[in-house]
Amino acid sequence: MAQKLIQGVKGMHDILPEDAERWELFEEIVRGWLRDYGYRPIRTPILEFTPLFVRSVGEHTDIVEREMYAFEDRLNGDPLVLRPEGTAPCVRAVLEHNLINAAGPQRLYYNGPMFRHERPQKGRLRQFHQFGVEAFGYAGPDIDAEHIVMLSRLWRDLGLEDDIWLEINSLGASEERARHREALIAYLETHIDLLDDDARRRLHSNPLRILDTKNPALQAVVEAAPKLYEFLGVESLAHFEGVQALLREAAVPFKVNHRLVRGLDYYNRTVFEWVTDKLGAQATVCGGGRYDGLVEQLGGKPTPACGFGMGIERLMMLWAEVQADSVRAEPDVYLVHQGEAASRLAFRVAEQLRDHGFAVIYHCGGGNFKNQMKKADASGARVAVIIGDDEAAAEEASFKFMREEGEQRRLPVAQLGETLAALLYNVEEEDGSV
RNA sequence: GCGGCAUUAGCUCAGUCGGUAGAGCACUGGAUUGUGAUUCCAGGUGUCACCGGUUCGAUCCCGGUAUGUCGCCCCA
């Protein structure tokens, strides 16, 4: 296939400054929120060996069967893959470095790009970004509830609480799930003549999804099908009830959706999704749950675990609506200058002002004063500091407030920093004047 | 991976029943050459996504490709 030189890869988007600034603000908020709950960062490589995901996510999931960027390293034949999700790499790193044995239970988070070769749409990209949280070594329902409650707080902090709601379910223990699956398949096979093509295709790959069909002709069959929750044992039910009790304690509203399943095989017991109706078909902005079997499955000691991932692109689209203002960081000072001696002085003055803590843009590229003042205005700077031949000859600088009334003033450059600090931040000078 | 729709100036979009194109914003220059966001004047704004076909002639019709977008599938 012929590629154009100047063309990004399909489904992989550049995040331009306007958006990237918003992303960084979002990331700062999220990191602060994670720290408040005692979560620590972990960073893992984007490449992993392919079998890691085949074993964890599941051989017969869509992710593994048709969406992984898997390839052979041309140099040594290693089977590599661009990670399609963050949980398995996190478990791998925790096991490889013995974090749990060394330091006990772990509360961790990560942030970064994930890769799935899907058909792109708005809010569904081939390279997308997630914040993920994983907790290892906690068996009780309190950690499940903690994850959900902390997310509820994040939505409030972001102003998204009206756009997102919570659905939860319990998948039970893996044996319980397996028995239900068997019963469900057996039931559906007795009604095979009633199923549509889609349902037949999913009968052995993902029978739970059939229960979610939109085909009205199947409603009666689906309604009478064996229910997963009828297969849950005492412990699973108690755990699920425990999670719900804590959610009620924290006054977090939720909806139990018995048809909620997740596309990754490793989940058990609690699963949850935060969904919105504002992003079309891409309704899920955050999903997660418990995966008590995964650590052992990947070769570790049996370790209870629970976590979630949130899609940054999807959340950013929601957040941009409630956060319409630009989040651009504006400089304090734009330094306008013309003439050789003046430019040299201005270069020094810029550094001098930065010593005082100011954000300073030194004009580059020449141009007349009119042109430079336009740039100063466009930059959003509060103050233009102007140095021409006259100022340079006297070791002085002029300054002018761009956003408020006031005459342009002129001072020796040695006094500029303190004077501007006083004017911009109302800092009193040593003699008490402002 | 399947089906539908879209692609025109830097941005948001008009338009040509087939005769090589516009608006607003932005940008550049000017209104006593050392002063911005207002006002006035002037001006580039463009392979009309790409490749091919039909035609005297295609931005427009047809086919393919690329990308985006909507739905399905699936998921964050």
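Note that the structure is a prediction, hence the values are computed from the model and not measured. The chains referred to below are lettered A, B, ... by the order of the sequence lines, with proteins before strands, and numbering in each begins at 1.
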key: Pair listing, side-chain hydrogen bond (donor to acceptor under 3.5 Å, both in side chains) test, anchored in residues 122-136 of chain A, at least two apart   = A/T87-A/E134, A/Y110-A/E134, A/H117-A/R126, A/Q127-A/H129, A/H129-A/E313, A/E134-A/Y291

inquiry  = Between the base of B/G3 and the side chain of A/R119, is one N or O donor paired with an acceptor at under 3.5 angstrom?
reply    = yes

Worked check of ring pair (Phe, Tyr, Trp, His ring centres under 6.0 Å) between A/F347 and A/H337 = CA-CA 9 Å; A/F347 199 77; A/H337 53 90; 8.7 Å; no

query = B/C74 C1' sits how many Å from A/E85 CD, rounded?
reply = 15 Å

request  = Please state the C1' separation for the pair B/A42 and B/U65 - nearest whole angstrom.
outcome  = 43 Å

message = If you take the centroid of each ring, where Trp contributes its six-membered ring, are A/W274 and A/W165 closer together than 6.0 Å?
response = no

inquiry  = If I take atom CG in residue A/N368 and atom P in nucleotide B/U28, what distance separates them, rounded to the nearest angstrom?
reply    = 11 Å

query = Along nucleotides 31-41 of chain B, 5' to 3', which nucleotides get a B, which get an S, and which get a -, given that the test is a protein heavy-atom distance under 4.0 Å?
reply = ---BBBS----

note = Taken in chain and number order and not counting sequence neighbours, the residues that satisfy salt bridge (Lys or Arg N to Asp or Glu O under 4.0 Å) with A/R55 are none

ask   = Can you list every pair that meets salt bridge (Lys or Arg N to Asp or Glu O under 4.0 Å) and has a residue in residues 280-295 of chain A, with sequence neighbours left out?
value = A/D144-A/R290, A/R290-A/D292

inquiry  = What's the gap between B/C41 and B/C25 when it is taken at their P atoms, as a whole Å value?
reply    = 12 Å

note = Expected list for residues 55-68 of chain A near RNA chain B, using heavy atoms below 4.0 Å, is A/D62, A/R66, A/E67

ask   = Taking the same atom, P, in B/G34 and in B/G24, what whole-Å distance lies between them?
value = 33 Å

key: Test side-chain contact (heavy atoms from CB on, under 4.5 Å) applied to A/V133 and A/H147, A/M310, A/R107, the passing residue   = A/H147

inquiry  = Please enumerate all residues that pass side-chain hydrogen bond (donor to acceptor under 3.5 Å, both in side chains) together with A/Q244, with sequence neighbours excluded.
reply    = none

query = What is the distance from CZ of A/F53 to P of B/A76, rounded to the nearest Å?
reply = 13 Å

inquiry  = For B/C74, does the base pair up with any side-chain atom of A/R262 as donor and acceptor (N or O, under 3.5 Å, distance only)?
reply    = no

task = Using whole Å, report how far CG of A/L154 lies from P of B/A76.
result = 17 Å

Verdict with reasoning, A/R83 to A/E48, per salt bridge (charged side-chain N to carboxylate O under 4.0 Å, His left out) = CA-CA 6 Å; A/R83 64 182 181 195; A/E48 296 281 354; over 6 Å; no

query = Would one find a side-chain N or O of A/K10 under 4.0 angstrom from OP1 or OP2 of B/A66?
reply = no

ask   = What parts of residues 275-295 of chain A reach RNA chain B, counting only heavy atoms under 4.0 Å away?
value = A/G280, A/A281, A/T284, A/V285, A/C286, A/G287

query = Can you tell me if A/E176 uses its side chain to pair, donor with acceptor, with the backbone of A/A173 under 3.5 Å?
reply = yes

ask   = Considering heavy-atom distances to RNA chain B, does A/L264 or A/R124 have its closest nucleotide positioned more toward the 5' end?
value = A/R124

key: Qualifying residues under side-chain hydrogen bond (donor to acceptor under 3.5 Å, both in side chains), relative to A/R348, sequence neighbours excluded   = A/E395

Check against salt bridge (charged side-chain N to carboxylate O under 4.0 Å, His left out), A/E18 and A/R22 = CA-CA 7 Å; A/E18 185 95 353; A/R22 202 180 289 277; 5.5 Å; no

task = Calculate, to the nearest 0.5 Å, the distance between atoms OH and SG belonging to A/Y267 and A/C306 respectively.
result = 9.0 Å

message = Taking 4.0 Å as the cut-off, does a side-chain nitrogen or oxygen of A/H13 come that near to OP1 or OP2 on B/U67?
response = no

key: Contacts of type side-chain hydrogen bond (donor to acceptor under 3.5 Å, both in side chains), residue A/R269, not counting sequence neighbours   = A/H239

B/U69 to B/U12 separation - P atoms, rounded to the nearest Å = 13 Å

ask   = In whole Å, what separates the P atom of B/C74 from that of B/G63?
value = 32 Å

ask   = If you look at every strand shown and take non-hydrogen atoms under 4.0 Å, does A/G132 touch a base, only sugar-phosphate, or nothing?
value = nothing

message = Identify the stems formed by RNA chain B, where each pair is Watson-Crick or G-U wobble with both distances under 3.5 angstrom and a stem is at least 3 consecutive pairs.
response = B:1-7 with B:66-72, B:10-13 with B:22-25, B:27-31 with B:39-43, B:49-53 with B:61-65

ask   = With sequence neighbours excluded, what pairs up with A/E96 under the side-chain hydrogen bond (donor to acceptor under 3.5 Å, both in side chains) test?
value = A/R92

Between B/G71 (C1') and A/E118 (CD): distance, integer Å = 15 Å

ask   = Is there a side-chain contact between A/W155 and A/L315 (heavy atoms, below 4.5 Å)?
value = yes

request  = Sorted by first residue and then second, give each salt bridge (Lys or Arg N to Asp or Glu O under 4.0 Å) pair with at least one member in residues 367-381 of chain A; sequence neighbours left out.
outcome  = A/D377-A/R403

key: Span that lies between the C1' atom of B/U28 and that of B/U45, in whole angstrom   = 10 Å

task = With C1' as the reference atom in both, quote the distance from B/G15 to B/A23 in angstrom, rounded to an integer.
result = 11 Å

query = Starting at CG of A/L315 and ending at C1' of B/A76, how long is that distance when rounded to a whole Å?
reply = 8 Å

inquiry  = Say we look at B/G4 and B/A76: how far apart would their C1' atoms be, to the nearest angstrom?
reply    = 25 Å

Value in whole Å for how far the C1' atom of B/A66 lies from CD1 of A/I6 = 15 Å

ask   = Nearest-Å distance, CD (A/Q121) to P (B/U67)?
value = 15 Å

